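In what follows, a single structure is set out as structure tokens and then discussed.
Computed from a prediction, not measured in an experiment: that's the story for all the values here. Atoms within a ligand are numbered from 1 in the order they appear, just like the ligands themselves.
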Amino acid sequence: MRVDYTNINLEKLGNYEEKALESFNTLMDGSGQGSDFLGWIDRPVDYDKEEFERIKKAAAKIQSDSEILVSIGIGGSYLGIKAIDFALDNYFESNKKVKLIYAGHQLSGQYMAELLDYLKDKDYSLNVISKSGTTTEPAIAFRFLKEALEEKYGKEEAKGHIYATTDRQKGALKDLSTKEGYETFVVPDDIGGRFSVISAVGLLPLAASGVDIDELMAGFEQGREKYTKADFETNDSIKYAAIRNMLYEDDKAIEVLVNYEPKLQYIAEWWKQLFAESEGKDGQGLFPVSVNNSTDLHSLGQMIQDGKRNLFETVLEIENYDNDIEIKEDIDNLDGLNYLAGKTMNYVNTQAMEGTTIAHVKGNVPNIRIKIENVSAKTLAELFYFFEITVGVSGYMMGINPFNQPGVEEYKAQMFKLLGKPGYENK
Ligand SMILES: O=P(O)(O)OC[C@H]1O[C@](O)(CO)[C@@H](O)[C@@H]1O
């Protein structure tokens with residue numbers, strides 16, 4: 001993975017170097033705000049090997065008795081799993097050993113009714129994932145899905161199809177799992193939800209679907225090797241954090257994560273939670289949005305080219321693809337496309353990316369380019385780790401605690417009051 005800053009004016013970057021390095025050191029020595037949640041930094045090498053093996057065993061069991069695993073969770077207990085699972089699958093003929101279906105990531109009654117109907121004649125298991133064990137969306141989903149599973153297999157057999165990933169010792173889900181005897185996996189105390197894909201949160205469902213979790217861990221480890229060195233020139237996490245802050249102070253309020261490969265769509269969704277929950281507090285933070293090109297060049301592209309000049313782009317470029325297809329000569333050439341004969345579609349896509357970059361830079365949209373070698377478990381894990389270090393450094397540069405998310409409680413309090421949850425009457 002490499003980061004290219006060619007299309008950024010780096011004249012003022014020197015003013016940010018010292019602060020970026022200071023913030024990086026604060027992150028690494030654990031002396032900053034939220035330092036109880038830095039377990040993800042060393043987790044690529046320092047993890048529970050016994051649990052890792054248990055995850056592989058559970059995954060093999062799921063593969064042997066289920067065609068579907070319903071992964072129940074929201075936010076950090078959903079987005080990283082979906083991002084990697086979606087990116088590594090074939091678009092049409094799934095190559096997965098077990099199909100992952102998601103639940104508990106919204107509150108749609110329509111979705112739940114249709115899901116329960118769909119599952120009726122399928123063999124499936126449930127992985128309920130919630131660090132707190134009390135989040136409303138997954139809790140409601142689990143209540144429905146557990147009932148349906150018990151109806152299908154009987155209460156005792158159903159227990160062997162339920163896997164709970166939650167806090168080591170506390171919370172409603174932990175209590176329920178202990179009472180019912182479900183196999184449980186741990187969301188470590190020192191890893192916040194949006195950083196938790198490296199734990200059993202991500203590892204169990206991804207292993208069940210057939211992702212090589214050794215490769216995934218190798219990618220995180222590679223990230224740790226590259227992005228935990230205190231060197232401004234060679235550690236792109238520090239430099240990228242500095243550039244984001246430089247652009248932020250230059251009135252760029254929005255960062256747009258751009259991809260030209262639909263497989264990366266959910267990587268962007270994961271990235272949005274990481275940056276929004278980490279930076280969006282105390283009246284601060286770059287607003288993270290994403291576009292999927294070239295699709296969005298025909299919608300948001302107009303705004304990016306010509307709208308308010310308050311944004312910059314970070315473009316994800318894939319350097320090598322597993323598949324590509326050549327455009328052929330057509331005798332009639334009625335569509336006028338013969339000038340592309342002999343070129344591949346990915347070549348055209350790349351020129352769309354390069355052309356768009358030129359146009360946007362001309363239109364005063366600073367562009368950062370992140371180049372990843374390919375779409376694999378290893379490269380995606382390295383990319384995740386890179387963004388995680390970046391957000392820690394960047395958040396400390398902004399003077400905020402990047403590891404809490406107090407703002408998300410407000411909607412919950414108002415919703416609970418409307419729903420009549422005991423204790424919320426006077427909120
Ligand atoms: O895993 P949990 O505790 O259910 O939380 C899910 C998500 O909800 C949040 O706490 C926000 O409400 C996120 O930070 C978190 O990723």
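Of all atoms in ligand 1, numbered sequentially from 1 with element shown, those under 4.0 Å from a heavy atom of G75 are 16 (O). Interface of S132 with ligand 1, defined as ligand atoms under 4.0 Å from a residue heavy atom, comprises 2 (P), 3 (O), 4 (O).
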Practice item. Tell me, with the steps shown, if I389 and W40 meet side-chain contact (heavy atoms from CB on, under 4.5 Å). Key: CA-CA 10 Å; I389 293 284; W40 52 274; 3.8 Å; yes

Review point. Salt bridge (Lys or Arg N to Asp or Glu O under 4.0 Å) between E269 and K82: does it pass, once the steps are laid out?
Key: CA-CA 9 Å; E269 298 305 320; K82 172 94 188 189; over 6 Å; no

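Both the backbone and the side chain of K131 come within 4.0 Å of ligand 1, counting heavy atoms alone. Here I74 has heavy atoms under 4.0 Å from ligand 1 in both its backbone and its side chain.
The one candidate from K174, H161, K159 that meets the side chain to side chain contact (heavy atoms under 4.5 Å, CB included) condition with Y182 is K159.
In the model, S196 has no side-chain atom that pairs as donor or acceptor with a side-chain atom of S199 under 3.5 Å.
The aromatic rings of F384 and W270 lie parallel to each other, their planes meeting at an angle below 30°, with 60° marking the opposite boundary. By the 30° and 60° cut-offs, the orientation of the rings of W271 relative to F275 is tilted.
Annotation: atom 5 (O) of ligand 1 to nearest protein heavy atom, T135 OG1, 3.5 Å. Nearest non-hydrogen protein atom to atom 14 (O) of ligand 1 is E277 OE1, 2.8 Å.
Close N/O approach between E409 and ligand 1 is not found [any backbone or side-chain N/O within under 3.5 Å]. Residue contacts with ligand 1: S130 is placed with a nitrogen or oxygen under 3.5 Å of a nitrogen or oxygen of the ligand (distance criterion only). In terms of polar-atom proximity, G76 is counted as a contact of ligand 1, with an N or O under 3.5 Å from an N or O of the ligand.
Between F195 and F37, a ring centre-to-centre spacing not shorter than 6.0 Å is recorded.
At least one heavy atom of K412 sits less than 4.0 Å from an atom of ligand 1. At least one heavy atom of Q273 sits closer than 4.0 Å to an atom of ligand 1.
In this structure, atom 8 (O) of ligand 1 has its sub-4.0 angstrom surroundings free of protein heavy atoms.
Atom CD1 of I370 and atom OG1 of T390 lie 7.5 Å apart (nearest 0.5 Å).
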